[in-house]
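Note that this is a predicted model, so its numbers are computed, not measured. Chain identifiers are assigned alphabetically (A, B, ...) following the order of the sequence lines, protein sequences preceding nucleic acid strands; residue numbering begins at 1 within each chain.
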There are 2 protein chains.
Amino acid sequence: MEKEFENEAQDSGKFVASGSRDLVVEPDSSLTEKISEFTVRRLSSYYRILLSLESQDVQTVSSARLAELCGVTSAQVRKDLSYFGNFGTRGLGYQVTDLKTAIVGILGLDRKWMMALFGAGSLGHALFFHDGFRQDGFYFTHIFDIDPRRVGEKWRDIEILSFAAAKEKLAADPVDIGVIAVPEESAQDIADLLIDLGVNGILNFAPRQLTIPKNVRLRNVNLAVALESLSFLLSG
Amino acid sequence: MEKEFENEAQDSGKFVASGSRDLVVEPDSSLTEKISEFTVRRLSSYYRILLSLESQDVQTVSSARLAELCGVTSAQVRKDLSYFGNFGTRGLGYQVTDLKTAIVGILGLDRKWMMALFGAGSLGHALFFHDGFRQDGFYFTHIFDIDPRRVGEKWRDIEILSFAAAKEKLAADPVDIGVIAVPEESAQDIADLLIDLGVNGILNFAPRQLTIPKNVRLRNVNLAVALESLSFLLSG
DNA sequence: TAGATTGTTAATCGATTAACAATC
DNA sequence: TAGATTGTTAATCGATTAACAATC
């Protein structure tokens with residue numbers, strides 16, 4: 001079974017040493033700090049498989065079976081889960097629905113996440129209408145674009161506003177996550193705005209490393225990387 | 001440190017048609033097989049930084065500076081490059097243009113890659129019109145969709161054809177890479193078709209693990225994973 | 001009880017980093 | 001020559017896997 005890189009959610013890159021000098025960073029013993037990005041990705045994968053098993057009315061699954069379906073080892077499955085608790089029963093395996101519920105809780109999918117979209121180009125459009133996000137509880141509540149011709153347009157029932165309107169609008173009606181789907185030149189400006197507004201999570205599609213304070217969580221998705229990695233393999 | 005690998009090396013031996021006996025020579029010594037996916041991604045990152053430096057007329061860059069711009073260590077930069085050759089000059093660093101050219105060659109960006117798009121929904125639309133791909137040399141030459149209402153539509157000068165037409169069309173006019181942007185239910189069918197046609201590279205956006213022969217290179221991009229990883233961090 | 005499978009510890013594997021001789 | 005920086009080796013760090021006692 002081979003493994004593949006699912007996606008390119010890279011580590012949040014660099015951060016600026018914030019504010020005053022000797023401010024010691026919190027001990028960071030929070031569980032999330034200790035869990036590797038690899039484990040989180042695999043949890044996403046387990047989650048999807050469990051959804052599928054549940055829809056097939058499968059009651060129980062062993063780490064070996066789950067591993068097979070995800071393309072990892074059974075030890076890996078058990079290890080990943082063990083960071084968060086004991087979800088299985090020796091001799092029997094895991095209850096599909098219970099484990100799914102547990103992972104939903106771990107990943108924070110048991111609530112709604114409000115998101116603002118920056119950039120209403122074709123990528124922004126695809127993200128906005130991507131059904132998978134809403135199914136996971138991620139909702140776009142605002143859309144901003146710099147192009148005056150797009151401003152005023154409506155997607156579903158959400159009106160596209162100008163970048164200039166973003167600050168006031170988001171201050172009045174805040175979001176959890178800002179999604180950056182603008183050209184790379186303006187990506188940092190949008191990030192700065194989001195940070196200024198106290199948004200804690202940023203999903204960045206611009207192929208540029210963003211500078212953010214370390215309390216802000218950043219994930220980068222770079223569509224070119226997957227293709228370049230393919231061409232590397234194909235031309236080798 | 002981390003693993004999470006490309007998809008299986010393969011095809012072990014390189015054939016060398018030597019004289020009378022055509023025998024397999026060199027078991028698995030192809031370079032691409034030995035390079036980790038992590039290194040390849042960083043090469044993509046170096047490449048983008050070098051493009052940017054070049055456009056600013058920067059002549060020379062040290063591993064330390066490149067590392068700083070990419071958010072990695074200088075040892076990492078030198079190590080990554082050392083797998084492929086000696087591109088620097090001790091005491092001076094790297095010539096920006098030369099290093100860029102070298103990485104372009106390593107990543108296989110010194111040629112054009114023809115691609116077929118499966119799924120002309122909003123994601124497919126975004127991918128098709130994504131400028132970055134063409135700039136890198138990746139061209140969509142075919143578009144296929146199952147929806148009869150879309151078939152016949154034209155994007156740029158390419159007509160959208162039905163899935164049924166794909167086999168014949170691609171046999172006559174082959175591609176290097178198939179891009180799967182269909183719902184997960186049909187992803188495996190498209191993959192099977194591509195494999196059947198001898199396409200060696202697949203970029204899959206469906207959130208489903210595809211079963212493919214070892215000689216086919218697969219990269220998965222799952223948009224949900226990045227968001228789920230953000231919600232994990234934000235809710236921790 | 002006998003068989004199955006978890007949760008966890010210890011061993012292994014591989015990626016990153018520190019350090020430095022080579023050399024511009 | 002003195003200073004800078006590469007290419008590479010060895011040390012470190014951390015992720016994965018094998019193995020097994022616990023226990024259903």
Cation-aromatic face contact A:K112/A:Y139, 6.0 Å, 45 degrees = yes

Option from B:E54, B:R48, B:Q56 for which side chain to side chain donor-acceptor pair (under 3.5 Å) with B:S52 holds = B:Q56

Do we see a donor-acceptor contact under 3.5 Å between the side chains of A:R78 and A:S82?
-> no

Any donor-acceptor pair under 3.5 Å between the side chain of A:R90 and the base of C:dT6?
-> yes

Using the closest heavy atom to pick a nucleotide of DNA chain D for each, name whichever of A:K79 or B:S63 lands nearer the 5' end.
-> B:S63

Judged by nearest nucleotide, the residue sitting upstream toward the 5' end of DNA chain D, B:G91 or B:A75, is B:G91

Across the strands shown, which category fits A:R65 at heavy-atom distances under 4.0 angstrom: base, sugar-phosphate, nothing?
-> nothing

For B:T39, report the nucleic acid contact type (base, sugar-phosphate, nothing); a contact means any heavy atom under 4.0 Å.
-> nothing

Between [N] atom [atom2] and [X] atom [atom1], what is the distance in whole Å?
| X | N | atom1 | atom2 | value |
| --- | --- | --- | --- | --- |
| A:R78 | C:dA4 | CZ | C1' | 12 Å |
| B:L81 | D:dT6 | CG | C1' | 11 Å |
| A:R42 | D:dT16 | CZ | P | 4 Å |
| A:F38 | D:dT16 | CZ | C1' | 11 Å |
| B:K34 | C:dG14 | NZ | P | 13 Å |
| A:Y83 | C:dT9 | OH | P | 12 Å |
| B:Q76 | C:dT16 | CD | P | 4 Å |
| A:Q95 | D:dC24 | CD | C1' | 12 Å |

Is a side-chain N or O of B:N222 found less than 3.5 angstrom from the main chain of B:A224, in a donor-acceptor match?
-> yes

Polar side-chain atom of B:Q188 near backbone of B:S186 as donor-acceptor pair, under 3.5 Å = no

Any side-chain N or O of B:T73 under 4.0 Å from OP1/OP2 of C:dT17?
-> yes

Nucleotide nearest B:Y94 when distance is taken to its side chain, options D:dT6, D:dA15, D:dA21 = D:dT6

What class does the angle between the rings of B:F84 and A:F232 fall in, given that below 30° is parallel, 30 to 60° is tilted and above 60° is perpendicular?
-> perpendicular

Evaluation steps, side-chain hydrogen bond (donor to acceptor under 3.5 Å, both in side chains), between A:D131 and A:Q135 | CA-CA 6 Å; A:D131 290 332; A:Q135 281 159 25; 5.2 Å; no

Under the 3.5 Å Watson-Crick or G-U criterion, the dot-bracket string of DNA chain C, with | for inter-strand pairs | ..||||||||||||||||||||||

